[in-house]
Amino acid sequence: MQGIKIVATGRALPQKVVTNNDLSRLVDTNDEWISTRTGIRQRYFCEEETCQSLAILAAERAVEKAEIDKQEIGLVIVATATGDHVFPSVACMVQNALGLEKEVLAFDLSAACSGFLYGLGVCHSVLLNQKKKYALLIGSEQMSRILDMKDRSTCVLFGDGAAAAVLTLEENEFYQKAWSDGNDETLSCKGVGFENQHISMEGSKVFKFAVKAIAQGIDEILEKTGKTTRDIDYVVCHQANERIIDHVSRKYKGVKFYKNMDRYANTSAASIPIALDEMYENGMLKDGMQIICVGFGAGFTWSSALLTI
Ligand code: ACO
């Protein structure tokens, strides 16, 4: 089948590292509480950078590594919930900053932490129907903009960052599925015009949703592709919380789950592409490998994909 191939990836992080101890000077928390409950030890917070500048830098790095004619990019999607402005979109700014021709479909995609995987499905559909060869899919978030730094139950969980992937079609095995269920109570950030413009979350309900969503995402792929866990080289989940991933991984003995939330915390739509970029950089992803990615987040949205490397 005509599946998706990742040609290259790139990531961009703000300069400022914020450790758990740094946060303990702002709110009543400590490294022990945060690291044992979440696996998070540090995160990056923007100072000079923005969602847009991180997206542009990550995109430039991915395109440079891909060694392609960038005018062959016909689609730019930025998965984000924290774009600099209501409009114009971050994607349009990326198109301009990279000097891409104007004949390009550029838009932001809002699916919270599932955004990168939702975007993967959209890229696949559009690539099948457009003349240009490549799509640029970016996850970029400035979560620090929507955190209440007085709320210790949420402000310790998130970080800022971006990563991009240059995608094209290739004859390989690819499968993607997405879900949505319209929950606006458990995890939300209501935004402009509302009293509380910060993230609010019922942690234990999100935990239960996430565990179910990951398992459903993995099972869907195994069932629809006729694979077993032995065929899967890695599972790369949205990096919300180590305990969520450890909980699910007990069901899938022998499967390797990638984890990096200790260094980045939860970067929402950027977490899966940041993980993929690190894995490429560390030589963990080799041609022919098969990986499952699973995203889950506010909405609730969730999505899983089988990718052939
Ligand atoms: N430092 C110290 N104490 C804290 C902190 C903190 N940062 N945050 C909360 N506490 C306290 C609470 O006030 C509470 O104290 P109390 O018993 O005196 O009232 C105590 O710790 C226990 O609070 P709980 O909320 O019950 O803690 P829990 O063990 O459930 O862990 C957590 C909270 C880590 C948020 C957990 O519910 C969880 O992992 N949920 C998943 C949420 C998640 O990962 N969200 C990410 C965003 S969503 C997404 O990406 C899809």
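All of these numbers come straight from a predicted model, not from anything done at the bench. Order of appearance sets the numbers: ligands from 1, and atoms from 1 within every ligand.
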ask   = If we ignore angles and hydrogens, is there a donor and acceptor under 3.5 Å between the side chains of T267 and Q239?
value = no

Within 4.0 Å of some non-hydrogen atom of N266, the atoms of ligand 1 are 46 (C), 47 (C), 49 (C), 50 (O)

One finds that the ligand 1 atoms under 4.0 Å from a non-hydrogen atom of L187 are 48 (S)

Geometric N/O contact A298 with ligand 1, under 3.5 angstrom: no

On a heavy-atom basis, the closest approach of G139 and A270 is O-CB, 3.4 Å

Is it the case that the side chains of E278 and Y258 hold a donor-acceptor pair, with the cut-off being a distance below 3.5 Å and no angle test? yes

In ligand 1, the atoms that come under 4.0 Å of a heavy atom of V156 are 7 (N)

A student checking ligand 1 against T29 at a 4.0 Å heavy-atom cut-off should list atoms 1 (N), 2 (C), 6 (C), 7 (N)

**Prompt:** Heavy-atom distance under 4.5 Å between the side chains of E223 and D219, does that happen here?
**Reply:** no

Under 4.0 Å between heavy atoms, the region of V27 that gets near ligand 1 turns out to be neither

With the threshold set at under 4.0 angstrom, would you say A210 reaches ligand 1 through any of its heavy atoms?
no

Atom 45 (N) of ligand 1 sits nearest the protein heavy atom M201 SD, 3.2 Å

Minimal heavy-atom distance between A59 and L136, with the atoms involved, is CB-CD2, 3.9 Å

* **D108 (side chain) donor-acceptor with A91 (main chain) under 3.5 angstrom** => yes

* Protein contact for atom 21 (O) of ligand 1 (heavy atom, distance under 4.0 Å) -> yes

Exercise. Would one find an N or O of N30, backbone or side chain, under 3.5 Å from an N or O of ligand 1?
Worked result: no

Out of G299, G297, G203, A269, the nearest non-hydrogen contact to atom 41 (C) of ligand 1 is supplied by G203

For atom 51 (C) of ligand 1, the closest protein heavy atom turns out to be F296 O, 3.3 Å

Item checked: Heavy atom of protein closer than 4.0 angstrom to atom 24 (P) of ligand 1 -> no

Numbered in order shown, the ligand 1 atoms found under 4.0 Å of a heavy atom of C113 are 49 (C), 50 (O)

Ligand 1 to S204, heavy atom cutoff 4.0 Å, flagged ligand atoms 37 (O)

Ion pair present between R145 and D160, side-chain N to carboxylate O less than 4.0 angstrom? no

The atoms of ligand 1 lying under 4.0 Å from a heavy atom of A240, numbered in the order shown, are 44 (O), 50 (O)

Exercise. Nearest protein heavy atom to atom 10 (N) of ligand 1: under 4.0 Å?
Worked result: yes

Report yes or no: do T308 and E173 form a side-chain donor-acceptor pair below 3.5 Å?
no

**Message:** For F257 and Y252, take the angle between the two ring planes, folded into 0 to 90°, and tell me which bin it lands in: parallel under 30, tilted 30 to 60, perpendicular over 60.
**Reply:** tilted

Do NZ/NE/NH1/NH2 and the carboxylate oxygens of D233 and K256 come within less than 4.0 Å? no

Any protein heavy atom nearer than 4.0 Å to atom 18 (O) of ligand 1: no

So does R41 have more than 12 non-hydrogen atoms from other groups sitting under 6.0 Å from CZ? no

* Heavy atoms of the protein only: does one fall short of 4.0 Å from atom 30 (O) of ligand 1? -> no

Quick look: N241 vs ligand 1, heavy-atom contacts under 4.0 Å, and the answer is side chain

ask   = Ion pair present between E103 and K131, side-chain N to carboxylate O less than 4.0 angstrom?
value = no

Worksheet entry | Non-hydrogen protein atom less than 4.0 angstrom from atom 6 (C) of ligand 1 | yes

Atom 28 (P) of ligand 1 sits nearest the protein heavy atom R37 NE, 3.8 Å

**Item:** Test item, F209 contacting ligand 1 (heavy atom, 4.0 angstrom)
**Value:** no

Heavy-atom proximity to atom 33 (C) of ligand 1 ranks first, among F300, W33, F158, F207, for W33

Look only at the side chain of D22 and the backbone of T19, and say whether a donor-acceptor pair between them is shorter than 3.5 Å. yes

protein heavy-atom neighbour closest to atom 36 (C) of ligand 1 works out as R243 NH2, 4.0 Å

| Any Lys/Arg nitrogen of E185 or K205 sitting under 4.0 Å from an Asp/Glu carboxylate oxygen of the other? | no

Closest to atom 13 (O) of ligand 1 among protein heavy atoms sits R152 NH2, 2.9 Å

- Message: Is it the case that the side chain of S89 and the backbone of F107 share a donor-acceptor pair, with hydrogens and angles ignored and the cut-off at 3.5 Å?
- Response: no

